[in-house]
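These notes are about the structure you will find just below.
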Amino acid sequence: MCVFKTCMALHVSPKLFYLPTGMEYDFSSIEERCKKLWAEQRVYEVSENPSLPKLYILDMFPYPSGAGLHVGHPLGYVASDIYARYKRMKGYNVLHPMGYDAFGLPAEQYAIETGTHPAVTTEKAIKTFRAQMDKIGFSYDWSREIKTCDPAYYKWTQWMFLRLFNSWYNREHDKAEDISTLIARFEKEGCHTGWKQYDPQQHPPFTADDWKAFSFKQRERILQCYRLAYRSFTEVNWCEALGCVLANDEVKDGKSERGGHPVTRKKMRQWSLRITEYAERLLEGLNRIDWSESIKEQQRNWIGRSEGCLIKFNVQLSKFKDDGLVIEVFTTRPDTIFGVTFLVLAPEHELLPLLTTREQKAAMDVYLQYVKSRSDVERQQEKKITGCFTGTYALHPFTGKEIPIWTAEYVLAGYGTGAIMAVPADDERDRRFAEKFGLPVIEIIDKSMYPGAGIEDKVGRMINSDFLNGMEVADAIQATINRVEKLGIGKRQVNYKLRDASFSRQRYWGEPFPIRYLVQERPDSPFVEENDPDEADIPVALSESELPLLLPDVQDFRPTGDGRSPLAKNEEWIKCHYETDTMPGYAGSSWYFLRYTDPHNPNAFASKDKLRYWQNVDVYFGGAEHAVGHLLYSRFLTKVLFDLGEVMFDEPFKKLVNQGMIQGVSKFIYRLFAEYAPPGASPQKILENYYISKDVYLSLEADGELRRNDAWQRLSAEAGNELNCDVNTAYIRYSVQLVRINVALTEGDVLDEEKLKAWRTDYATAKFIRNAQGQVLCHAEVEKMSKSKHNVVNPDDVIARYGADCFRMFEMFLGPLEQSKPWDDKGINGVFNFLKKFWRLYYDDKGWRVTDNEPDTAAYKILHKTIKKVTDDIERLNFNTCVSAMMIAVNELTAIKCNSRKILEPLALLIAPFAPFVAEELWQQFGNSGSVHLARYPVADAKYLAEDEHTYPVSVNGKVRAEIILPANITSDEAKARVLALEQIQKWTNGNAPKKFIFVPGKIINLVV
RNA sequence: GCCGCGGUGGUGGAAUUGGUAGACACGCAGGACUUAAAAUCCUGUUCACUGAAAAGUGAGUGCGGGUUCAACUCCCGCCCGCGGUACCA
C-alpha cells in the first residue's frame, strides 16, 4: 500500500521500483533534493560586489490575485530566470528579485462583499503565489522580497509623495527643485507678470513684500500652483460603481478598465501629479531606451505632442462697446487662418456665459443641459453633430470680418485652450459641422497637384489667403506664425495631450497620504476659520519622522457614497484631520525597482551606495498592457528623483521585453439532439444526454437527416437499441449543440469520459458516440485564459505531471517570447521525451554510464556548435530555438552513443538555465561541490566549429539540382570545374558553358544557363 | 479612421546578413520489442503528378506586381487577423 502510494505521488511507472534508484528520470525527487541544496547554500542571494559587473534583471511584480497563477503568468518569469541564470554563470553579479504589488481594488471589493480584511486576503494570495513560484524553480533572491502594502515599504512611498509635494518644476533650469528655491524667489522678487513661468489663470501677481505679508494659508494656496504633487479642483473620471476616481489610463472606452463600469466626468478636489511638466523629457528619453517600437509609440501618442500656434480673436460684444474680451484658440494649421468661418468653444469654456446673448440664452441652456446628460460612453459611441450658436461674433484678426461663435461638444475643454478656429474647407469635423448648421466654407488650399491627398493632409498651394497665396502649406504655416507673433496676436506653441496624473483614490486599500489639513492659523494644528468655504483645504505635509502613517482599521470597507473613502468613517483619523483619500495603485509600483537594491533599509528608500552599484534595471520583463500606465509613471518619478539628486539615472528601465500573452484553449463537446418519426406517428425525441465525437458529427450528412450509411451504422452500434428504429420507412433528424466544458476534462482533443461524468451531476448519466478509435473528440477554440471560460491551466498540475524543468522548457518551446500563443499541452510530451532522452545520456538500465573516455571529434563538434547556438540565442532572447538546439544535440549524441564526461558535463552546464533541477542533479552526480548555477557557463571553442569542407547545394537558375562536397578553401574556378563535371548538372547544361557561375563560399553555388 | 505587430505543412514553429523553405517538436501512418499494454526505438510525413521502388517533374511562405544569378527576407499595390488608440484642433 505504501509503495503504491509513493508511486502515484511520483507519477512515474511502477517499474522504477524494480530498479535501483537514480536510473530513471524521476523529476520529483530531483526537485526535492535541489530545492534543499539551494536553500541550504543560499545559492541565489546576492550582495554588492565591486569586482564583478552588475546586471539588474527584473520582472514586473504581480498583483497577488486570489485565483493564483495560471500558465500564462510565469512565461515572462521563466524567460527572465533563464536569462538571469545564464548571466550569473557568465560571471555577472545578477540582481533578480521578486515582490508583490499588494494594494489594489480586487481585495477591497472582496472585503466589501465578505467582510474579510484585504490584508488577510492579500497575505493568503501571496502565500499561494509564492508556493506556485517556488515549484517552478526560480532563482529569485527571496531575501529581497517586497510587498507594497507593508508599512516598512509604504513608509517610503509616502516619503516619495512628500518629495513630490515639496518640489516644484523650475522651467528655467528645466528640472525639479526643492520648493524652498521657489519660496526664496518669492521672498526676493515676488511673482511678476514678466516671469516666464507665471500663469495669470492660476493666481494674481504679487511683490516680495506682498509675499511676506501673506498668511500661511495664502502662501500655501499659491505654492499649490507649483508643487509637483498638488491638490486642485479638477475634472476627474468618476466611477460610481467603484466609488472612486480613475486615472486616464484606467479608463477604456468610457468604462473602467477593472470591471467595465461606466465612468462620468465630475469636478472634484483631489491630488494630482504634475507629470505634464515632464512631457518633453518623457518624449526625449524614449530615444535613449531599448524598448519595442510599439510601446514607445504608444507613449508618444499618449503624450501627444503637437506643434502649433496660439491665436487671439477679439470678441465683438456689441456694435457700440468693446470691453476687450479675447478668445484664444490653439491650432496646428495656422496656414488655414483665412479659411476660418466660425469659432467653436467647448461647452465648459468659462467665457461661454459671457458670450451668450439674451436671445440665445434659452437655446443655450437647453443645449448645455443636453451635453451634461451625455455620458462619456454615449459621447464616444454616437458621435452626433450637435452645437449651439452663442449669438456673438468675433473679429477675424487679419480680415476684420465678423465670425460667429458657437459651442459644440466635439471641442474638448481639456485640450489646447478649449476653443478652436473652425476651417470647414480643410477639417473633416469642421466641414460636417458647417454643413449641418449652414455655415460658410472658404476654399483656401489648392490640392489639384496632389491627387489622392485627403482633406487634412498637409499639402497643397494656398489660395484666397492674402499674403499666403501661392505658398506651399509647410511654408504658409511658418509664415503665418511669424506674422501672428509680429502682430502680437498670438505665439508659437507646443501642446500635449498628456494630462496631469490623478493621484487620489476614494478607497481604503492603498497608501494613506502623509498629509493633514490645516485647521488653525498656526501651521500643523487644528483650526476652523469662520466663513471660510475652503477651511479644510490647506494640506500640510507630515514630517519624515512621522512616517509611516499607518493605514488604520475600519469596520466597513464600503465607500461613504458621498465621494469620500472608508477612512472617513474612522473617527481617530478624522480627528487628526488626515487626508481620507488613499494613493492609487501606481504609487507603490512606480519606484519598487529601487527598493530591491536595499530592501530592508530603515533610513532611506535605498542607500546611495547600493543605488550607485545596482543602478537602473538592465532588462525589464513584463506584459505590454502596462504600456502607458506603470511604465510612464515610473519614468516620470525616476526623472523627478534624478532632478532632486536621489538617483543617478533618469530612465528606470534600459531594456524592456514584452512577453506575449498565453491564451487559453477552450474545449466544447457536441451534445446531440435527435428525433425519430415512425410512419404515421408524430416525431419523438431519442438519444437523451448523448454526446458525439467531433469527427463522427462531421461525417454525418449535413442536411440534418440520418440515413442508413456508415455513420448511421456507427451511431446505431454506439447507441444500442435506442436507435433501433426502421429508417427505411421513418426518418431521424438530428441537431447538435456546442457545450463548453473545463479543459481539465480533456487530454489534447480527447474527452476524458469519466472525468466529465464526475464534473457535474447533469453529466453523470452522459452517453457517448465515439469514433473508430473509441474516443470522443472535442471542439477547441482559442480565447483569453479565464476562470469563466473554464480554460485555465494551473502550472501546479503541469509540474506535478511533467516536472518543473519540463514546464519551463515547454513554455519556452511554445514559440517566440514576445508573441501571444495559445497554451496547448499537446506538445508537452515532446519536451518530456527530450528530458528523458537527455537523462539517458547519463543513466542507462545499469546506472551511471558516463566515463572518462576521450570523446571523438564528432562529439566535440556537436557540443561546441550547440554551445555557440544556445549562447547566441540566449543573448537574443530567442529561447525557443535554444530548446530546439539542445534537442538536436541530444539526438545526435545519442546516435553516436556518446558517454564521455568531457562532453556530458559541459552539456549539463549548458542546459542549467533552462532545466535547473536536472542540471543540478547531474552536476552533483559528477561529484562537483557547490551549485551548478554558480559554475561557469561553457564557451564554444572555435577550433571545433571550423569546417574543412562544406556541402554546397548547386542550383541551376535558382533551383537546387545537386549537392557537392567541396573543401572550405576552394577557389571559384576550381569549384566551377568540379561542379560542371557533375552528371546531374550536365543534364542541365548539355555540356555548354553556363552564362554565369555564382560561387558564394560557405553558402551556395548557382549556375545560370 | 490612424498607429503598431503579424500571416510559412494537419498543428506549434525554424530559416540570425537576400543564399538548400519547412530545422526541432506535436500529430498521423507503418514497423521493431512485448503474451498484451505502456514505455522505448526505427522509418515515413508540404502539396500535385509519374514510378513497384530508387528517383524524377512541377507548384509552393496571405494575394497581385517588381528588383535580383538567387526573395519568407528588399520595393510597390492590395486582402485578412491581432493589439493599441480615437472628436486632441
Side-chain angles (χ1 to χ4, degrees), chain A residues 12-15 24 252-253 292-298 300-302 304-306 308 329-333 336 344 379-380 383-385 408-412 414-423 426-430 432-433 454 456 495-498 624-625 627-628 660-661 663 748-749 810 813-816 818-831 833-834 836-837 840 869 872-873 875-876 878 880-881 883-888 891 894 951-963 984 987 994-1000 1002-1009:
Chain A
V12 290
S13 87
K15 205 176 168 188
E24 207 141 302
K252 295 259 141 75
D253 302 324
S292 73
E293 208 39 55
S294 99
I295 299 268
K296 290 207 246 187
E297 204 52 33
Q298 280 182 54
R300 286 191 193 107
N301 291 341
W302 189 260
R305 182 183 203 272
S306 54
V329 302
F330 174 74
T331 178
T332 54
R333 295 296 304 275
T336 62
V344 191
R379 252 174 113 154
Q380 280 176 17
K383 277 171 197 158
K384 292 189 202 162
I385 306 165
E409 59 179 333
Y410 82 86
V411 176
L412 307 174
Y415 185 75
T417 60
I420 62 153
M421 56 178 223
V423 185
D426 220 49
D427 182 285
E428 187 63 41
R429 291 151 312 173
D430 296 348
R432 269 182 283 144
F433 194 82
E456 292 181 9
N495 251 323
Y496 301 92
K497 269 199 298 195
L498 185 71
E625 63 273 21
V628 284
M661 267 211 299
Q663 294 133 321
D749 284 339
F810 181 58
F813 191 61
L814 234 30
E818 311 213 351
Q819 205 169 294
S820 286
K821 53 238 160 183
W823 175 272
D824 198 341
D825 50 11
K826 267 193 218 142
I828 198 163
N829 268 318
V831 177
N833 289 341
F834 157 72
K836 284 189 284 190
K837 197 166 176 181
R840 281 197 303 276
K869 171 79 177 157
D872 289 352
D873 282 358
E875 292 287 354
R876 269 188 237 106
N878 289 347
N880 53 329
T881 49
V883 180
S884 303
M886 291 188 282
M887 286 174 168
I888 295 169
N891 288 345
T894 305
T951 307
Y952 285 91
V954 182
S955 24
V956 177
N957 294 336
K959 290 258 172 227
V960 179
R961 300 297 178 185
E963 270 189 356
Q984 304 102 296
K987 193 163 105 188
K995 275 192 202 148
K996 209 165 176 184
F997 179 82
I998 293 117
F999 176 67
V1000 185
K1003 296 275 187 191
I1004 200 175
I1005 291 165
N1006 191 16
L1007 309 183
V1008 187
V1009 298

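We name chains A, B, ... by the order of the sequence lines, and we start the count at 1 in each one.
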Just how far, in rounded Å, is [atom2] of [N] from [atom1] of [X]?
X	N	atom1	atom2	result
I385(A)	rA89(B)	CD1	P	19 Å
D430(A)	rC87(B)	CG	P	15 Å
F997(A)	rA70(B)	CZ	P	16 Å
I1005(A)	rU20(B)	CD1	P	13 Å
E818(A)	rC82(B)	CD	C1'	15 Å
K296(A)	rC5(B)	NZ	C1'	16 Å
K995(A)	rA70(B)	NZ	P	11 Å
Y952(A)	rA70(B)	OH	C1'	16 Å

Examine distances only and state if a side-chain atom of [X] and a backbone atom of [Y] form a donor-acceptor pair shorter than 3.5 Å.
X	Y	answer
Y415(A)	K497(A)	no
S820(A)	M661(A)	yes
K821(A)	P816(A)	yes

- Evaluate the criterion side-chain hydrogen bond (donor to acceptor under 3.5 Å, both in side chains) for residue pair T336(A) and D426(A); output intermediate values, then yes/no. CA-CA 8 Å; T336(A) 62; D426(A) 220 49; 5.8 Å; no
Whom does [N] pair with, Watson-Crick or G-U wobble, provided both distances fall under 3.5 Å?
N	answer
rC47(B)	rG58(B)
rU20(B)	none
rC2(B)	rG84(B)
rG10(B)	rC26(B)
rG77(B)	rC63(B)
rA37(B)	none

Counting side-chain heavy atoms from CB outward, which of [options] is closest to [X]?
X	options	value
N301(A)	rC26(B), rC3(B), rC87(B)	rC3(B)
V1008(A)	rA89(B), rA23(B), rC69(B)	rC69(B)
R429(A)	rC88(B), rC24(B), rG19(B)	rC88(B)
T332(A)	rA39(B), rC69(B), rA89(B)	rA89(B)
V960(A)	rA89(B), rC69(B), rA21(B)	rA21(B)
N829(A)	rC88(B), rC24(B), rG27(B)	rG27(B)
I888(A)	rG4(B), rA89(B), rA23(B)	rA23(B)
K837(A)	rC24(B), rC41(B), rC3(B)	rC41(B)
K836(A)	rG19(B), rC87(B), rA39(B)	rA39(B)

Could you measure between the two [atom1] atoms, the one in [N] and the one in [M], and give it in whole Å?
N	M	atom1	value
rA15(B)	rG51(B)	P	39 Å
rG60(B)	rA71(B)	C1'	14 Å
rA14(B)	rC72(B)	C1'	11 Å
rG62(B)	rG7(B)	P	7 Å
rG77(B)	rC3(B)	P	13 Å
rG13(B)	rG83(B)	P	16 Å
rG31(B)	rA37(B)	P	12 Å
rG6(B)	rU17(B)	C1'	22 Å

Just to be sure I understand the rule, does [X] reach a base, reach only the sugar-phosphate, or reach nothing, if contact means heavy atoms closer than 4.0 Å?
X	result
N1006(A)	base
N891(A)	sugar-phosphate
V411(A)	base
R961(A)	sugar-phosphate
R300(A)	nothing
Q298(A)	sugar-phosphate
S306(A)	sugar-phosphate

- Using a cut-off of strictly less than 4.0 Å, decide whether N833(A) has a side-chain nitrogen or oxygen near OP1 or OP2 of rC26(B).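 Indeed, a polar side-chain atom of N833(A) lies that close.
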- Is there a side-chain polar atom (N or O) of K1003(A) under 4.0 Å from OP1 or OP2 of rG19(B)?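 So the side-chain polar atoms of K1003(A) never come under 4.0 Å of the phosphate oxygens OP1 or OP2 of rG19(B).
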- Given the rule in the side chain to side chain contact (heavy atoms under 4.5 Å, CB included) test, do F330(A) and M421(A) qualify, once you have shown the distances and angles that lead to the verdict? CA-CA 8 Å; F330(A) 174 74; M421(A) 56 178 223; over 6 Å; no
- If anything within 90° of 0 is syn and all else is anti, what is rG84(B)?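 Here rG84(B) takes the anti form, which means its glycosidic angle is more than 90° from 0.
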- Message: Need to verify one output field. Residue with the more 5' nearest nucleotide on RNA chain B, V628(A) or V831(A)?
- Response: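 Closer to the 5' end of RNA chain B: V831(A).
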- Please walk me through it: do F834(A) and M886(A) pass side chain to side chain contact (heavy atoms under 4.5 Å, CB included)? CA-CA 9 Å; F834(A) 157 72; M886(A) 291 188 282; 4.0 Å; yes
- Message: For V329(A) versus T417(A), what's the shortest heavy-atom pair and its separation?
- Response: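 Minimum heavy-atom contact is CA-OG1, 3.4 Å.
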- Heavy-atom protein contacts under 4.0 Å, nucleotides 6-13 of chain B, coded B base, S sugar-phosphate only, - none: ------BS
- Starting at the 5' end of nucleotides 45-51 of chain B, put B wherever the base has a protein heavy atom under 4.0 Å, S where only the sugar-phosphate does, and a dash everywhere else. -------
- Task: Under the side chain to side chain contact (heavy atoms under 4.5 Å, CB included) rule, what do I1005(A) and F997(A) come out as? Steps first, then yes or no, please.
- Result: CA-CA 8 Å; I1005(A) 291 165; F997(A) 179 82; 3.6 Å; yes
- Query: Between W823(A) and F810(A), does the ring centroid distance fall short of 6.0 Å?
  - Reply: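 Ring centres of F810(A) and W823(A) closer than 6.0 Å.
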- Query: D430(A) and Y410(A): side chain to side chain contact (heavy atoms under 4.5 Å, CB included), yes or no, with the steps?
  - Reply: CA-CA 10 Å; D430(A) 296 348; Y410(A) 82 86; 2.7 Å; yes
- For salt bridge (Lys or Arg N to Asp or Glu O under 4.0 Å), just list the numbers for E293(A) and R300(A), CA-CA rounded to whole Å, side-chain angles, deciding distance to a tenth of an Å, and then say yes or no. CA-CA 10 Å; E293(A) 208 39 55; R300(A) 286 191 193 107; 3.2 Å; yes
